[in-house]
Amino acid sequence: GDDPNDGEADELGELALAGKTSEDVASSLAGNASRGRRFDKVAMLLKAGASKDAVLEALGGKSAQGAAGSRPSARVRWLHLACHGDLLTKALLLARRAASQTFASRESDLSMEEVSKMVKLLRSCTAVLSACNSGRGEIVSEGVVGLSRSFLAAGAGAVVSSLWSVSDASTRELMTCFYQELLGGERVPQAMRLAMLHMLESESWMAAPVFWAGFMVVGASTSLPDAL
């Protein structure tokens, strides 16, 4: 569409295209599985299924209820989170467990303290924080990079994050290009650079840098593993 707000959520509302972005990523990985790569262990959590408990259990950690994860000995090699980011509390807001639960209750938050304790799980992992509409509260110069610090503290090799609130629709396009470059053999920093060049050359409203230039890569020059 021609509307830069198309596909964006209201403040802390549902990210209409976040699920589509995740599906696009999974589809791209599945399409390359026959090229000497194995992506048969990719866990995709969407909408209500992407609750804090579900995410922690998929990562192999403990859920908010204290239950041990289903993969306690596994190590996460690649993590993509498309969700709200709260800059004031330095937390990622995941799906609510029930319709009656509000984001204000903070129960759906994945705190940075919790992330920083996942040392055995996230060691050398590449974390992509596709935090659409992450501008809740005051937008500070630190931006979502503040959220990335705990992933680095937990041992993540690289973190992709955004410095400001970003459009849901343009983020989907950027991430599609980003993963195409990764699957083509580019390392994370170069893949993001090429994806941004693609956006810049677009003839739509997405060509404006404000819709994608906030994304940055912090950490090592990692690449997409041959198997996930």
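Placement of Leu81 and Val119 in two distinct hydrophobic clusters is found when ILVMFWY residues are connected by side-chain heavy-atom separations under 4.5 Å, directly or transitively.
In this structure, the side chains of Phe151 and Val218 stay at 4.5 Å or more apart for every pair of heavy atoms. With a 4.5 Å cut-off on side-chain heavy atoms, Leu59 and Leu79 count as touching. Here the side chains of Ser167 and Phe211 are in contact, with some heavy-atom distance below 4.5 Å. Using a 4.5 Å heavy-atom threshold, the side chains of Glu113 and Ser150 count as separate. With a 4.5 Å cut-off on side-chain heavy atoms, Met112 and Arg149 do not count as touching. Using a 4.5 Å heavy-atom threshold, the side chains of Met175 and Val128 count as touching.
The two residues Ala169 and Met206 have their closest heavy-atom pair at O-CE, 3.8 Å. The minimum heavy-atom distance between Thr222 and Gly157, with the atom names listed, is CG2-C, 4.2 Å. Between Phe215 and Val166, the shortest heavy-atom contact is CE1-CG1, 4.0 Å. Closest approach of Ala207 and Leu200 over heavy atoms only: CB-O, 3.7 Å.
Listed by chain and residue number, Arg193, Leu194 satisfy the side chain to side chain contact (heavy atoms under 4.5 Å, CB included) test with Leu197 (two or more places apart in sequence, or in another chain). Remark: Ala213 pairs with Trp164, Pro209 by the side chain to side chain contact (heavy atoms under 4.5 Å, CB included) rule, at least two apart or across chains. The side chain to side chain contact (heavy atoms under 4.5 Å, CB included) search around Ser221 returns Arg187, Pro189, not counting sequence neighbours. For the side-chain hydrogen bond (donor to acceptor under 3.5 Å, both in side chains) test, residues two or more places apart in sequence or in another chain that qualify with Ser111 are Glu114. Qualifying ring-ring contact (aromatic ring centres under 6.0 Å, His included) partners for His198, counting only residues two or more places apart in sequence or in other chains: none. Legend: residues meeting side-chain hydrogen bond (donor to acceptor under 3.5 Å, both in side chains) with Ser202, ordered by chain and number and at least two apart, are Ser204.
One finds the NZ atom of Lys52 at 8.0 Å from the CG atom of Leu94 (value rounded to the nearest 0.5 Å). Ser130 contributes atom OG, which lies 8.0 Å from atom CG of Asp168 (distance to the nearest 0.5 angstrom).
No donor-acceptor pair under 3.5 Å is formed between the side chain of Ser161 and the backbone N or O of Ser148.
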For residues 176-186, tabulate all N or O donor-acceptor pairs below 3.5 Å that involve a side-chain atom, not counting sequence neighbours.
residue, atom, partner, partner atom, Å
Thr176, OG1, Arg172, O, 2.8
Tyr179, OH, Trp78, NE1, 2.9
Tyr179, OH, His80, ND1, 2.8

